[in-house]
Amino acid sequence: VIPPPLILIVEDDPPMARMLRSVLTAVGYRVFVVGTARDAVRQAVGRSPDLVLLDLGLPDQDGVEVVRRLREWMRAPVVVVSARDAEAQKVQALDAGADDYLTKPFGTSELLARLRVALRHAAAPADGSTPVFESGDLRVDLERRCVRLSGQEVRLTPIEWKLLSVLVRHSGRVVQHRQLLREVWGPADEQRPHYLRVYVASLRKKLEKEPANPRHLVTEAGVGYRLREPDEG
Ligand code: CA
């Protein structure tokens with residue numbers, strides 16, 4: 001029997017730490033809770049968790065620095081928790097190697113969805129195999145290069161397809177503007193965010209019932225875009 005994933009919770013606020021502990025143990029994860037950056041690094045070494053859930057606002061050190069230190073050797077996913085309106089901090093944490101983030105306050109289903117996605121991507125085969133992505137009325141088959149909405153084939157331009165396929169490969173996780181620009185248009189065009197806005201808008205017109213109120217391709221303000229997983233409420 002394989003033991004359930006061990007999650008290292010790094011949170012200095014006791015009520016928040018208790019809530020996280022009870023939610024995660026209730027769904028079967030093993031958890032270990034620490035409240036400082038120093039203990040986070042020490043316990044990550046000692047316990048080799050399957051995932052680190054890291055509050056960025058810690059008493060002894062900036063959480064972004066903790067991400068940097070963990071990434072020097074640790075491969076397990078890091079999901080950071082940050083305050084609202086802290087876009088610059090989120091971008092720094094992602095640049096330092098964090099896999100995803102949650103913005104306070106967040107709901108239980110959002111929390112569990114982020115953790116499932118991060119653990120699943122960490123366990124994904126390294127052979128580059130690409131399963132079919134399905135969420136609600138949307139179905140994307142990367143191998144056959146086929147997109148269907150409610151069973152109807154959707155025609156995409158080459159750039160729209162490239163953009164969608166990057167989002168599918170990172171499904172459920174935030175993808176930063178810079179990464180999308182680099183993967184779709186190449187490194188020379190990283191500084192042209194308006195490309196992205198134009199093509200996201202055209203993709204939404206084709207994939208969303210209400211393009212102004214997207215269900216699939218959501219905006220992560222100041223950071224990037226996320227293709228929602230089916231189980232994200
Ligand atoms: Ca805190």
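We number each residue from 1, following the sequence as shown. What you see is a predicted model; the values in this text were computed from it and never measured.
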Chemist: Salt bridge (Lys or Arg N to Asp or Glu O under 4.0 Å) with E229: which of R173, R120, R215?
Modeler: R120
Chemist: Quick check: closest heavy atoms across A76 and P49, and the distance to 0.1 Å?
Modeler: CB-O, 3.4 Å
Chemist: If you look at every heavy atom in R21 and V31, which pair is closest and at what distance?
Modeler: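 Smallest interatomic distance, heavy atoms only, reads CG-CG2, 3.7 Å.
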Chemist: Going from OH on Y225 to CG on L203, what distance comes out if it is rounded to the nearest 0.5 angstrom?
Modeler: 10.5 Å
Chemist: Does a side-chain heavy-atom distance below 4.5 Å link L20 with I7?
Modeler: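 They are not in contact (no side-chain heavy atoms under 4.5 Å apart), so the answer is no.
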Chemist: Before accepting this row, confirm whether a basic side-chain N of the pair R69/E65 lies closer than 4.0 Å to the acidic partner's carboxylate O.
Modeler: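 Between E65 and R69 there is no salt bridge, as every charged N stays at least 4.0 Å from the carboxylate O atoms.
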Chemist: Looking at S82 and A86, what are the two nearest heavy atoms and their distance?
Modeler: OG-CB, 4.5 Å
Chemist: Does L102 reach the side chain of L111, with side-chain heavy atoms less than 4.5 Å apart?
Modeler: yes
Chemist: So how far is it from R155 CZ to E160 CD, rounded to the nearest 0.5 Å?
Modeler: 12.5 Å
Chemist: Do you see a donor-acceptor pair shorter than 3.5 Å between the side chains of T36 and R42?
Modeler: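 Their side chains do not contain a donor-acceptor pair, so the 3.5 Å distance test is not met.
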Chemist: Spell out, yes or no, whether V91 and L70 are grouped together once hydrophobic residues are joined by side-chain heavy atoms under 4.5 Å, including indirect joins.
Modeler: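 Same cluster.
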Chemist: Can you find a heavy atom in the side chain of F133 that is under 4.5 Å from one in the side chain of L167?
Modeler: no
Chemist: Nearest 0.5 Å, please: how far is CG in L156 from CG in L207?
Modeler: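 Atom-to-atom, L207:CG and L156:CG are 6.0 Å apart.
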Chemist: Linking I/L/V/M/F/W/Y whenever their side-chain heavy atoms sit closer than 4.5 Å, directly or via other members, would L53 and F106 fall into one cluster?
Modeler: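 Per the 4.5 Å side-chain linkage, L53 and F106 are co-clustered.
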Chemist: Please determine whether side-chain contact (heavy atoms from CB on, under 4.5 Å) holds for the pair R204 and T219, giving the CA-CA distance in whole Å, both sets of side-chain angles, and the decisive distance to 0.1 Å.
Modeler: CA-CA 11 Å; R204 280 178 176 155; T219 299; 2.8 Å; yes
Chemist: Would you call V64 and R68 a side-chain contact if the rule is heavy atoms closer than 4.5 Å?
Modeler: yes
Chemist: May I ask you to test the V147-K206 pair for a side-chain heavy-atom distance under 4.5 Å?
Modeler: no
Chemist: Can R38 and Q61 be said to form a side-chain contact (heavy atoms from CB on, under 4.5 Å), step by step?
Modeler: CA-CA 8 Å; R38 176 216 274 245; Q61 200 177 27; over 6 Å; no
Chemist: By side chain to side chain contact (heavy atoms under 4.5 Å, CB included), which residues pair with D50, not counting sequence neighbours?
Modeler: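 Once residues adjacent in sequence are excluded, the partners of D50 under the side chain to side chain contact (heavy atoms under 4.5 Å, CB included) criterion are P5, L6, R30, L119.
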Chemist: Any side-chain heavy atom of R148 within less than 4.5 Å of one from E153?
Modeler: yes
Chemist: Work out which heavy atom in K209 is nearest to a heavy atom in D137; give both atom names and the distance.
Modeler: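 Minimum heavy-atom separation between K209 and D137: NZ-OD2, 3.0 Å.
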Chemist: Are V166 and L142 joined in one hydrophobic group, where the rule is that I, L, V, M, F, W and Y side chains link up if heavy atoms are under 4.5 Å apart?
Modeler: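 Same cluster.
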Chemist: Any idea which heavy atoms bring V66 and A37 closest together, and the distance?
Modeler: CG2-CB, 3.4 Å
Chemist: Taking side chain to side chain contact (heavy atoms under 4.5 Å, CB included) as the test, write out the residues that go with E87, two or more places apart.
Modeler: K90, A221, V223
Chemist: Please report the closest heavy-atom contact between A17 and E11, naming both atoms and the distance.
Modeler: N-CG, 3.7 Å
Chemist: Does NZ in K104 sit with more than 12 non-hydrogen atoms of other residues, nucleotides or ligands closer than 6.0 Å?
Modeler: yes
Chemist: Using the rule side chain to side chain donor-acceptor pair (under 3.5 Å), only one of Q179, H121, R226 pairs with H170; which is it?
Modeler: Q179
Chemist: Can you tell if the side chain of Y199 reaches within under 4.5 Å of the side chain of V184, non-hydrogen atoms only?
Modeler: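 A side-chain contact under 4.5 Å is absent here.
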Chemist: Can you list the other members of the hydrophobic cluster that holds V218, where links are side-chain heavy atoms under 4.5 angstrom apart?
Modeler: none
Chemist: Before accepting this row, confirm whether a basic side-chain N of the pair R71/D95 lies closer than 4.0 Å to the acidic partner's carboxylate O.
Modeler: no
Chemist: Please determine whether side-chain contact (heavy atoms from CB on, under 4.5 Å) holds for the pair Y29 and L51, giving the CA-CA distance in whole Å, both sets of side-chain angles, and the decisive distance to 0.1 Å.
Modeler: CA-CA 10 Å; Y29 291 121; L51 184 148; over 6 Å; no
Chemist: Atom NE2 in H216, atom OG in S171: separation rounded to 0.5 Å?
Modeler: 13.0 Å
Chemist: Could you state the interatomic distance from CG (L217) to OG (S135), rounded to the nearest 0.5 Å?
Modeler: 11.0 Å
Chemist: Can you tell which of L54, V81, L94, V78 makes a side-chain contact (heavy atoms from CB on, under 4.5 Å) with Y101?
Modeler: L94
Chemist: Are L58 and V34 linked, directly or through intermediate hydrophobic residues, by side-chain heavy-atom contacts shorter than 4.5 Å (ILVMFWY only)?
Modeler: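 Same cluster: V34 reaches L58 through Ile, Leu, Val, Met, Phe, Trp or Tyr contacts under 4.5 Å.
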Chemist: Quick one: pull up CD1 in I9 and CG in D55 and give me the separation to the nearest 0.5 Å.
Modeler: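 Atom-to-atom, I9:CD1 and D55:CG are 11.5 Å apart.
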Chemist: So do the side chains of V23 and V27 get within less than 4.5 Å of each other, counting heavy atoms only?
Modeler: no
Chemist: Evaluate L180 against Y195 for side-chain contact (heavy atoms from CB on, under 4.5 Å), listing each step before the verdict.
Modeler: CA-CA 10 Å; L180 285 167; Y195 287 12; over 6 Å; no
Chemist: Side-chain heavy atoms under 4.5 angstrom apart, residues restricted to Ile, Leu, Val, Met, Phe, Trp, Tyr: same cluster for V168 and V154?
Modeler: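 Hydrophobic grouping puts V168 with V154.
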